[in-house]
2 protein chains.
Amino acid sequence: MEQESRLAGTVRPGGRTAKVRAAVLQATQDELVERGFHGLNMEQVAARAGIGKTTIYRRWGTPAGLVTELMTELAAQSSPPPDTGSIQGDLEANALNVLGAINDPHLGATFQAVIAAATCDEGAARALRAFYGRRIAEWAKVADLAVARGDLPAGTDGEELIKAVSAPLYYRLVVTREPVDHETAVRSVTRALIAARAGAFVTGDPDPAGPTGVDAEGEVSTGPASNGATATRTTRRSRP
Amino acid sequence: MEQESRLAGTVRPGGRTAKVRAAVLQATQDELVERGFHGLNMEQVAARAGIGKTTIYRRWGTPAGLVTELMTELAAQSSPPPDTGSIQGDLEANALNVLGAINDPHLGATFQAVIAAATCDEGAARALRAFYGRRIAEWAKVADLAVARGDLPAGTDGEELIKAVSAPLYYRLVVTREPVDHETAVRSVTRALIAARAGAFVTGDPDPAGPTGVDAEGEVSTGPASNGATATRTTRRSRP
DNA sequence: GAATTAATGGAACAAGAGTCCCGTTTGGCG
DNA sequence: CGCCAAACGGGACTCTTGTTCCATTAATTC
């Protein structure tokens, strides 16, 4: 079950351990590309890495553990946001960065694996949150710069904006499972930017554009039943 | 939660078979809520449903198979979009519908399970695409109505708009794994609507607002390989 | 470069998941 | 009502997955 799971060369970072780790992570990634997360097999990974399976179990415990460390590893390699000088350019850089990651065979497989792992393993979920928390916070800076330049309304929530740019891409990757292409990425930027310029990302202000006012307070309750805002509703209960 | 779901396609839709099916799907859902997808155990489901495990294996084969059928079942129960009379109200109804599904213990667990299953099982992936394809197409009609009323620019792509409203919610559910609340839903509507009114969802027109022109092709590079539009999905079946 | 000790590897072992066989039950139909 | 085919159930069986034990290897320390 739960092993020591001492992460990356904690105690003895010496050459052998590091080599084992590298070989295992590499094998894990290759296996993910070929068979996906659910096909990830500890014994198979061990064989591929040329490592005894005892070692794999001892250090990583489960497939989710392997994937979690792989994600941690990738997190360390993520590129910092460039400052292209325009918020448009920066957001596009972000979108294309995500696009590239999603469509890269290795990275795409890894992300999907971690997402899958996170639905069942708390460690993977933490790694995922940590990764995106950091990444989003980092990219949010470009929005702050834009605000400082006067390119965006004061008070714009940078993190929300970055999320808004990325969301449609991941949504397609994971939920609707459509191919995600360059145009999707660019459009996502355009749409988010329009909303941002209109002040829709200003903190604590859900109702920026007068006529588009949100009257909210529909309150949801009843399971999946729809329950909106204005006018008539055909409230229908689906089966809980 | 006694579902009398009878949907078959089976050769013998008679009483016993249907009861077995209902019991198994119910047990599956309960197990998903308690243990998640990766904890889904065929033997456990069989025991809980009071059904021989041979039957489970024979009819559904794998955990992914169980989850896939569960999703198909839920798809049949999804509620149709209301026509609230305003695009704002309709989109909010959609967002709250999604919100309710995500936050419902049973539905939320099921969605996450199917999403996880879809990353490795082609059947689950198909079911997922089918479900959202239908759902989105159905809700897209409210956008068409809005266009007819003059509430939205002519040529607005309804499906894209619906996706834009849902994406941030699923993104939070699956990727950043933050709680998804009412405000998130409402803001998602606001933002999408602003972009829609500005024409950002008009088909084949990625550059509606002049000054917000997209110069694209900046190409990002760094870190994760960037890659124009190569949609490589690596899904693979588990076992027969 | 010898001692010390963490880390690894291999093989046997235990647990469980998935399959198979075959007898029993049930629904459809004349 | 009685027959037949389809579906179910139980239990034995097999193969995969995960664990344990202990000898071996190699990094660190002095």
Please report the distance, rounded to the nearest Å, between [atom1] in [X] and [atom2] in [N].
X: B:W60; N: C:dA17; atom1: CH2; atom2: P; result: 19 Å
X: A:R58; N: D:dT25; atom1: CZ; atom2: P; result: 15 Å
X: B:E43; N: D:dG9; atom1: CD; atom2: P; result: 14 Å
X: B:I56; N: C:dA17; atom1: CD1; atom2: P; result: 14 Å
X: A:R21; N: D:dA26; atom1: CZ; atom2: C1'; result: 19 Å
X: B:L66; N: C:dA17; atom1: CG; atom2: P; result: 14 Å
X: A:K19; N: C:dA6; atom1: NZ; atom2: C1'; result: 18 Å
X: B:H38; N: D:dG18; atom1: NE2; atom2: C1'; result: 14 Å

Q.
Are the side chains of A:H38 and B:D121 in contact, using a 4.5 Å heavy-atom criterion?
A.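 Heavy-atom side-chain distance check fails, nothing below 4.5 Å.
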
Q) Aromatic rings A:Y170 and B:Y171: how do their planes relate, parallel, tilted or perpendicular, breaks at 30° and 60°? A)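 Correct class here is tilted.
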
Contacts of type side-chain hydrogen bond (donor to acceptor under 3.5 Å, both in side chains), residue [X], not counting sequence neighbours:
X: A:T110; value: A:Q29
X: A:Q26; value: A:D30
X: B:T176; value: B:E178
X: B:E138; value: none

Within the pair [X] and [N], is there a side-chain N or O less than 4.0 Å away from OP1 or OP2?
X: A:N41; N: D:dT16; answer: no
X: A:R59; N: C:dT8; answer: yes
X: B:Y57; N: C:dT19; answer: no

Q.
I'd like to check the salt bridge (charged side-chain N to carboxylate O under 4.0 Å, His left out) partners of A:R129; sequence neighbours left out, ordered by chain and number.
A.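 Counting only residues at least two positions away or on another chain, A:R129 forms a salt bridge (charged side-chain N to carboxylate O under 4.0 Å, His left out) with A:E122.
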
Q) Taking DNA chain D as the partner, which of residues 47-54 of chain B come within under 4.0 angstrom of it by heavy atom? A)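 When residues 47-54 of chain B is checked for heavy atoms under 4.0 Å from DNA chain D, the hits, listed by number, are B:I51, B:G52, B:T54.
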
Q | Non-neighbouring partners of A:V174 that pass side-chain contact (heavy atoms from CB on, under 4.5 Å), sequence neighbours left out | A |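 Only A:I115, B:I115, B:V174 meet the side-chain contact (heavy atoms from CB on, under 4.5 Å) criterion with A:V174.
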
Q: Mark yes or no for a side-chain to base donor-acceptor pair under 3.5 Å between A:R16 and C:dA7, with no hydrogen or angle criteria applied.
A: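 It does, because a donor-acceptor pair links the side chain of A:R16 to the base of C:dA7 below 3.5 Å.
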
**Q.** Net bend of the helix from C:dG1-D:dC30 to C:dG30-D:dC1, end axes of five pairs each, nearest 10 degrees
**A.**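 End-to-end axis angle for the helix from C:dG1-D:dC30 to C:dG30-D:dC1: 40°, rounded to 10°.
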
Q.
According to salt bridge (Lys or Arg N to Asp or Glu O under 4.0 Å), does anything in residues 31-41 of chain B pair up with another residue at least two apart or in another chain? List the pairs.
A.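 Every salt bridge (Lys or Arg N to Asp or Glu O under 4.0 Å) pair that includes a residue of residues 31-41 of chain B, provided the two are not neighbours, is B:E31-B:R35, B:E31-B:R48, B:E34-B:R48.
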
